[in-house]
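Small disclaimer: the values here were computed from a predicted structure and weren't measured. Every chain is numbered from 1 and lettered A, B, ... according to where its sequence line falls, protein lines coming before strand lines.
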Number of protein chains: 2
Amino acid sequence: MLTSKSSRPTPERLLDAAEKLMRTVGLASATTKAIAREAGCSEAALYKHFANKEELFVRVLMERTPNAGPLMAALQAGPGDPGAGVEEALADIARHASLFYADAMPMAASLFADPALLTRHREGVQQLGTGPHVVLDALAGRLRRERDAGRLGPDADPRTAAALLLGACFQRAFFLHFSGAHVVQPVEEFAPAVARSVWAAIR
Amino acid sequence: MLTSKSSRPTPERLLDAAEKLMRTVGLASATTKAIAREAGCSEAALYKHFANKEELFVRVLMERTPNAGPLMAALQAGPGDPGAGVEEALADIARHASLFYADAMPMAASLFADPALLTRHREGVQQLGTGPHVVLDALAGRLRRERDAGRLGPDADPRTAAALLLGACFQRAFFLHFSGAHVVQPVEEFAPAVARSVWAAIR
DNA sequence: CGGGGGTGGGTGAGTATTCACTCACCCCCG
DNA sequence: CGGGGGTGAGTGAATACTCACCCACCCCCG
């Protein structure tokens, strides 16, 4: 019974619960009582493991951020592989970026409701040298390398191209949550279209 | 003294106050008491003019949305004017879009903290047949007309190009508020760069 | 023409509820 | 038996919202 779900340590369950509530009912309704109930423990237990509610949220944002791994992997792979075309790689990146942003959007946007929490999170994040812009930097760097390897036009603008591709995916994720799935194209047709147009801009 | 500031009707002052607080201290701290104090009236007066706090917020979001006028004007102007190049028009659109999104971002993103409020707002907005996607539709339509007039390449993808340009401006606005001004390019260099790359993709 | 009374807008002082957070206490494992 | 992890029952503060009341204004009727 080592793997029974109740064996999962309480702090983890609290982080899980907080994340789940932030995604579903929203930051405003993610109260300490609701989080404790969702985690299956008492409110007082929360304060045995976290100094206060804000610390819990900050740790959720730092540790339970949607998994950027696949996206970063898609960003780093590629340039050494001359078999795959750049456009296909861009489509793959657009696919991963669309999924990642769709995942991250609700929690990230929630922070705008509480500027104090946003500031705390920003400080923690920039002390770690990370942040949402690393994705953009990674794609820009990747494109710069592609250009230097002669696979892009010599006057291509890697940073701007990266901003275009990721920005389109980002805004699509926003529409998805803000207006509903019916106003956005499905990823399977969106990602290749985006890749095609960006590729046309830099080849 | 008809134009004295206290002559501004109370409901307007409440809407002003609510908007200001949403922008500055955030939706979470925009309490009825704070709004009333900011508007210079009592809390009870708020309930003479609005059924509840949510109705006040919804009306702020519907009526005090950042002015999309200049952006929509920049989007509609142009195709009849053969003197101006498409790229310059795109740069102008990118400039206006960057400003508009930077203005709208805090209030729009705040909604993610309260999904119930988001749903109410979505319903109100789509009953009016509007929404954030109209900007994208307008630019896509504009580009389609340019293409049909032969000023773009015949296989240009207007909808995707619009998503790229506006998405880049949208994400820039997000970075601006989320991470600070130091991680984004100034508009004066960002807008032309975006326009140049998009133009390269569709010409 | 004067005054009685409805009315829209405003207020101060509440109310019930909910919030984040605390405390005294307990259980059980090493 | 000591202490980390857990709890039930609070605490004061803050929240959204209400209530009784007020006042200036206007309309209309005697």
- Message: What is the separation between atom NZ on A:Lys48 and atom C1' on D:dG3, rounded to the nearest whole Å?
- Response: 10 Å
- Message: Would the distance check show the side chain of B:Arg142 and the main-chain N or O of B:Leu75 forming a donor-acceptor pair, the cut-off being under 3.5 Å?
- Response: yes
- Message: To the nearest 0.5 Å, what is the distance between CZ on A:Arg159 and CD on B:Gln185?
- Response: 6.0 Å
- Under-4.0 Å side-chain N/O to phosphate OP1/OP2 contact, B:His49 with C:dG8: no
- Message: Salt bridge or not between B:Arg95 and B:Asp92? Use side-chain N to carboxylate O under 4.0 Å.
- Response: yes
- Could you tell me the separation between the CD atom of A:Gln171 and the CG atom of B:Leu136, rounded to the nearest 0.5 Å? 6.0 Å
- Query: Given atom CG of A:Leu27 and atom C1' of C:dA20, what is their separation to the nearest angstrom?
  - Reply: 14 Å
- Message: Treating B:Arg147 as the side-chain partner and B:Ala156 as the backbone partner, does any N or O pair qualify as donor plus acceptor under 3.5 Å?
- Response: yes
- Rounded to whole angstroms, how far apart are CZ on A:Arg8 and P on D:dG5? 17 Å
- Mind calculating the distance between CG (A:Asn52) and P (C:dC21) to the nearest angstrom? 5 Å
- Mind calculating the distance between OH (A:Tyr47) and C1' (D:dG8) to the nearest angstrom? 16 Å
- Query: Which ones in residues 29-45 of chain B lie close to DNA chain C, meaning a heavy atom under 4.0 Å from one of its atoms?
  - Reply: B:Cys41, B:Ser42, B:Ala44, B:Ala45
- Task: Please list every stem that involves DNA chain C, where a stem is a run of 3 or more consecutive Watson-Crick or G-U wobble pairs with both pairing distances under 3.5 Å.
- Result: C:1-30 with D:1-30
- Only one of B:Leu14, B:Val58, B:Thr32 clears side-chain contact (heavy atoms from CB on, under 4.5 Å) with B:Phe50; which? B:Leu14
- Rounded to the nearest Å, what distance is computed from the CZ atom of residue B:Phe57 to the P atom of nucleotide D:dA16? 8 Å
- Is a side-chain N or O of A:Arg120 found less than 3.5 angstrom from the main chain of A:Glu54, in a donor-acceptor match? no
- To the nearest Å, give me how far apart CG (B:Asp114) and C1' (D:dA16) are. 14 Å
- Task: Any salt bridge (charged side-chain N to carboxylate O under 4.0 Å, His left out) involving residues 22-45 of chain A? Give me the pairs, sequence neighbours left out, ordered by first then second residue.
- Result: A:Glu19-A:Arg23, A:Lys20-A:Glu38
- Query: Contact class for B:Lys53 vs. all strands (heavy atom < 4.0 Å): base, sugar-phosphate, or nothing?
  - Reply: sugar-phosphate
- Message: Could you tell me how far apart A:Leu117 (CG) and C:dA20 (C1') are, to the nearest whole angstrom?
- Response: 15 Å
- Task: Check for a donor-acceptor pair, side chain of A:His177 on one end and backbone N or O of A:Ala102 on the other, with a separation under 3.5 Å.
- Result: yes
- Message: Would you say A:Thr10 places a side-chain N or O within less than 4.0 Å of OP1 or OP2 belonging to D:dG6?
- Response: yes
